Amino acid sequence: MLGRTGVINTPHGQIKTPAFIAVGTKATVKALTPVQVEQLGAQAVLANAYHLYLQPGSDILDEAGGLGKFMSWEGPTFTDSGGFQVMSLGSGFKKVIDMKSVDQSGPDDAVAPGKERLANVDDDGVWFKSHLDGSKHRFSPEISMNVQHQIGADIMFAFDELTTLQNSRGYQVESLERTRLWAQRCIAEHFALTDSRAGKEYQALFGVIQGAQYEDLRRKACQDLGAMAFDGFGIGGALEKENLGTIVGWCSEELPENKPRHLLGISEPDDIFTAIENGADTFDCVSPTRVARNSAFYTPHGRFNLSGARYKRDFTPLVEDCSCYTCQNFTRAYIHHLHKSKELLSHTLISIHNEHFTVSLVDAARNAIEDGSFFELKAKVMSEYYAGNPDPQGLPA
RNA sequence: GGCAGAUUACCCGAGUGGCCAAAGGGGGCUGACUGUAAAUCAGCUGGCAACGCCUUCACUGGUUCGAAUCCAGUAUCUGCCA
């Protein structure tokens, strides 16, 4: 058991860990007001440097007084570095999943069929083609840090290269070394910027651990970055659901005990428990809100799609005992109707529920660690989540 | 009353002799979504005992080896002239 509880102190308050961080890529948790985000229980919000740099421009956030002030969120904030976009705009995330079983032998920089490559990596940084207007932009460790300092979140991430499962081991090694060098440059730039902004509140920098599914690479990355002056670490990269726990475990064993570990982009209930058990402190994920906009809702018995005709006359809440605003006030039939008639309120109501569900799950795990009932809770959650929905995603085996 | 035109699947709408159970939308149904190019994407959408059969393109009859497509009549609708 590597799971633990703790507290992350930020200029905008504490984060009790384990904690689920709501994703607000473009300085908004999609479809939700900050008041709603707070009331559903989220402790912090994570935005994205690449997106805010393109629109409205990180200088605007700077002028506004920083991310929190700009979006009127008073709690702690994070920014991702734009590293994820190296992959998603580079190889095309959607197609990469499809290609998993198709082509393992192609060139490492292969672009999915029918996709235009919008990012190209070199040792110094990345050329991005804006997904908004096609204009060309340069991101590097230094640029990412400057952008993130302008955005002004409490916790920032180092600029990294996220590889895919299709990349060869050779490429993973090459990429990992690039990410290591970039981490050093991020720290140097971060300190330079921190010095030049004397008097400002302390902002933390997390390094990002890559290394795909390879134990030696993961451990080495942790040792390398763990020795650097980071305030915490993100565990990122291509990982299959089955080895998520194992990989997080390797990282937790190697990384400094006294620094927080954030698992990037994970939120399915089983994954959360696996990750917490293996030492992850915080999480973020787009899933609760994205899936909500496509009408799927989480329940203790699995994830279901509210667009189904079977909910047309279902006058029960999304989840019977749920304490969220949505479940306290609305029925499945009503939200089904909103979704079918394309009313925007469906996005809001389901997002509130899904975020609340995920945040609460992590909160429950935290409490369970404290009173020693973590494994009991995990067993209960896991068995229930799959009982009503034996194979919700074809996983796990 | 006269002249001209229209009628296609749940809706809109292509198709004017065989490659047509019939393009394309919409709607409907199902599924996917894990550091957000995602209010997105994919599949299905006449019936069936289903690699084949049956019933459909307003209705009735006809021409033809073969008709959603051509002809005649009927019905309804739309313009213009009275």
Side-chain angles (χ1 to χ4, degrees), chain A residues 20-31 45-52 54-55 78-98 112 114-119 128-134 155-162 206 208-210 233-241 244 262-272 274-275 280 282-298 303-305 307-312 338-351 354 358 391-395:
Chain A
F20 180 73
I21 314 303
V23 173
T25 300
K26 296 193 273 188
T28 168
V29 179
K30 293 185 192 295
V45 169
L46 180 147
N48 186 284
Y50 165 79
H51 291 269
L52 292 173
L54 285 183
Q55 191 177 49
F78 291 63
T79 42
D80 191 16
S81 61
F84 178 76
Q85 281 64 36
V86 176
M87 187 278 283
S88 68
L89 299 179
S91 324
F93 187 61
K94 201 189 300 175
K95 291 289 174 133
V96 165
I97 290 170
D98 299 342
K115 281 252 165 185
E116 185 196 359
R117 188 181 200 85
L118 296 178
F128 285 108
K129 213 168 168 186
S130 163
H131 66 279
L132 298 173
D133 63 5
I155 296 171
M156 320 188 236
F157 283 97
F159 189 61
D160 63 324
E161 180 185 1
L162 168 50
F206 283 22
V208 180
I209 306 301
Q210 293 291 341
F233 301 90
I235 299 170
L239 36 85
E240 269 165 338
K241 201 177 173 76
L244 183 147
H262 178 93
L263 181 59
L264 288 151
I266 294 297
S267 77
E268 290 301 315
D270 52 335
D271 296 333
I272 282 175
T274 303
T282 53
F283 309 85
D284 71 276
C285 192
V286 304
S287 193
T289 54
R290 178 189 287 169
V291 140
R293 273 172 274 122
N294 302 320
S295 86
F297 63 104
Y298 288 92
R303 195 168 80 189
F304 301 94
N305 199 327
S307 66
R310 59 189 168 279
Y311 296 112
K312 204 167 188 168
L338 292 179
H339 179 257
K340 295 311 264 186
S341 54
K342 295 184 166 45
E343 283 295 336
L344 297 176
L345 187 57
S346 72
H347 301 165
T348 300
L349 295 181
I350 308 175
S351 292
N354 286 352
T358 309
D391 194 19
Q393 295 153 62
L395 290 166

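All chains are named by letter (A, B, ...) in the order of the sequence lines, taking the proteins before the strands, and each is independently numbered beginning at 1. Keep in mind the model is a prediction, meaning the values are calculated, not measured.
- Rounded to a whole angstrom, the distance from the C1' atom of B/A67 to that of B/U56 is 13 Å.
- A donor-acceptor contact under 3.5 Å links the side chain of A/Arg293 to the base of B/U36.
- Remark: the separation of the P atoms in B/C70 and B/A14 is 15 Å, to the nearest Å.
- Of the candidate nucleotides B/U36, B/A37, B/G35, B/G35 has the atom lying nearest to any side-chain atom of A/Ser81.
- One interatomic measurement links the two molecules: CG of A/Asn354 to C1' of B/U36, which rounds to 15 Å at whole-angstrom precision.
- Residue A/Leu46 is in sugar-phosphate contact alone, with no base atom involved, counting any heavy-atom pair closer than 4.0 Å across all strands shown.
- Counting to the nearest Å, the C1' atom of B/G35 and the CZ atom of A/Phe206 are 13 Å from each other.
- With a cut-off of 3.5 Å on both Watson-Crick or G-U wobble distances, the partner of B/U63 is given as none.
- Taking 4.0 angstrom as the limit, A/Gln85 places a side-chain polar atom (N or O) nearer than this to OP1 or OP2 of B/A37.
- Inspection of the A/Asn48 and A/Gln85 side chains reveals an N or O donor paired with an N or O acceptor under 3.5 Å.
- Of the N and O atoms on the side chains of A/Ser351 and A/Asn354, not one donor lies less than 3.5 Å from an acceptor on the other residue.
- Here B/A37 is the nucleotide among B/A37, B/G35, B/U30 with the atom lying nearest to any side-chain atom of A/His131.
- Summarising the base pairing, B/G1 is matched to B/C81 through a Watson-Crick or G-U wobble pair whose two defining distances lie under 3.5 Å.
- The closest side-chain donor-acceptor pair between A/His262 and A/Thr282 falls under 3.5 angstrom.
- Applying the 90° criterion around 0 to the glycosidic angle, B/C11 comes out anti.
- Within the nucleic acid shown, A/Thr289 comes within 4.0 Å of at least one base atom, counting heavy atoms only.
- The nucleotide B/U74 finds its pairing partner in B/A58, both defining distances of the Watson-Crick or G-U wobble pair being shorter than 3.5 Å.
- Residue A/Ala292 is out of contact with every strand shown, counting any heavy-atom pair closer than 4.0 Å.
- Between B/A58 and B/A68, the distance separating the two C1' atoms is 12 Å to the nearest Å.
- In this structure, B/C53 and B/G47 make a Watson-Crick or G-U wobble pair, each of the two defining distances being under 3.5 angstrom.
- Of the listed nucleotides (B/U34, B/U36, B/C29), B/U34 has the atom at the smallest distance from the side chain of A/Glu268.
- Contact check, A/Arg310 against B/U30: a side-chain N or O comes under 4.0 Å of OP1 or OP2.
- Interface remark: the A/Lys241 side chain does form a donor-acceptor pair with the B/U34 base, using a distance-only criterion of under 3.5 Å.
- One finds no side-chain N or O of A/Ser267 lying less than 4.0 angstrom from the OP1 or OP2 phosphate oxygen of B/U34.
- The same atom, P, is picked in B/C65 and in B/G43; the two are 43 Å apart, to the nearest Å.
- In this structure B/U69 sits in no base pair that meets the Watson-Crick or G-U test at under 3.5 Å.
- For A/Phe157 and A/Phe206, the ring centers sit closer than 6.0 Å to each other.
- Spacing between atom NE2 of A/His262 and atom P of B/G35 amounts to 10 Å, rounded to whole angstrom units.
- Between the side chain of A/Asn294 and the base of B/G31, no donor-acceptor pair of N or O atoms lies under 3.5 Å.
- For B/A37, the base is syn relative to its sugar; the glycosidic angle is within 90° of 0.
- For A/Leu162 and A/Lys26, each mapped to the nucleotide of RNA chain B holding its nearest heavy atom, the one lying further toward the 5' end belongs to A/Leu162.
- Taking every side-chain heavy atom of A/Asp271 into account, B/U34 is the closest of B/C29, B/G35, B/U34.
- Here A/Glu343 lies out of heavy-atom contact (under 4.0 Å) with every strand.
- Rounded to a whole Å, the CZ atom of A/Phe297 is 12 Å from the P atom of B/G31.
- Here A/Asp80 lies in heavy-atom contact (under 4.0 Å) with a base.
- Side-chain contact between A/Ser346 and A/Ser295 is absent, with no heavy-atom pair separated by less than 4.5 Å.
- The base of B/G35 does not come close enough to the side chain of A/Glu161 for any donor and acceptor atom to sit less than 3.5 Å apart.
- Between A/Phe304 and A/Phe297, the two ring planes are tilted [angle within 30° to 60°].
- With a 4.5 Å cut-off on side-chain heavy atoms, A/Arg303 and A/Glu268 count as touching.
- B/C41: Watson-Crick or G-U partner is B/G31, with both key distances under 3.5 Å.
- Rounded to an integer number of Å, the gap from CG of A/Asn305 to P of B/A42 is 16 Å.
- B/A4 and B/C10 have their C1' atoms separated by 32 Å, with the value rounded to a whole Å.
- Within 4.0 Å (heavy atoms only), A/Gly308 reaches sugar-phosphate atoms of the nucleic acid but no base atom.
- Across the strands present, B/A14 finds no partner; the criterion is a Watson-Crick or G-U wobble pair with both atom distances under 3.5 angstrom.
- For the C1' atom pair drawn from B/G61 and B/A42, the interatomic distance equals 47 Å after rounding to whole Å.
- In this structure, A/His339 places its NE2 atom 13 Å from C1' of B/A38, rounding to the nearest Å.
- When side chains are defined from C-beta on, A/Glu161 does not count as touching A/Gln210, because their heavy atoms never get closer than 4.5 Å.
- You'll find the side chain of A/Leu89 reaches within 4.5 Å of the side chain of A/Phe128, heavy atoms only.
- The C1' atoms of B/A72 and B/G26 are separated by 37 Å, rounded to the nearest whole Å.
- Using a 4.0 Å heavy-atom cutoff across all strands shown, A/Asp160 reaches at least one base atom of the nucleic acid.
- Between A/Arg290 atom CZ and B/C33 atom P the separation is 10 Å, expressed in whole Å.
- Aromatic rings of A/His131 and A/Tyr50 (six-membered ring for Trp) have centroids within the 6.0 Å cut-off, being under it.
- With C1' as the reference atom, B/C20 and B/G46 are 14 Å apart, rounded to whole Å.
- The distance from atom CG of A/Leu344 to atom P of B/A39 is 11 Å, rounded to the nearest whole Å.
- Side-chain proximity of A/Ser88 to B/A39, B/A37, B/G35: nearest is B/A37.
- For A/Lys129, no side-chain nitrogen or oxygen approaches OP1 or OP2 of B/A37 to under 4.0 Å.
- The phosphate of B/G27 has OP1 or OP2 within less than 4.0 Å of a side-chain N or O from A/Lys342.
- The base of B/U36 lies outside donor-acceptor range of the side chain of A/Ser287, with no N or O pair under 3.5 Å.
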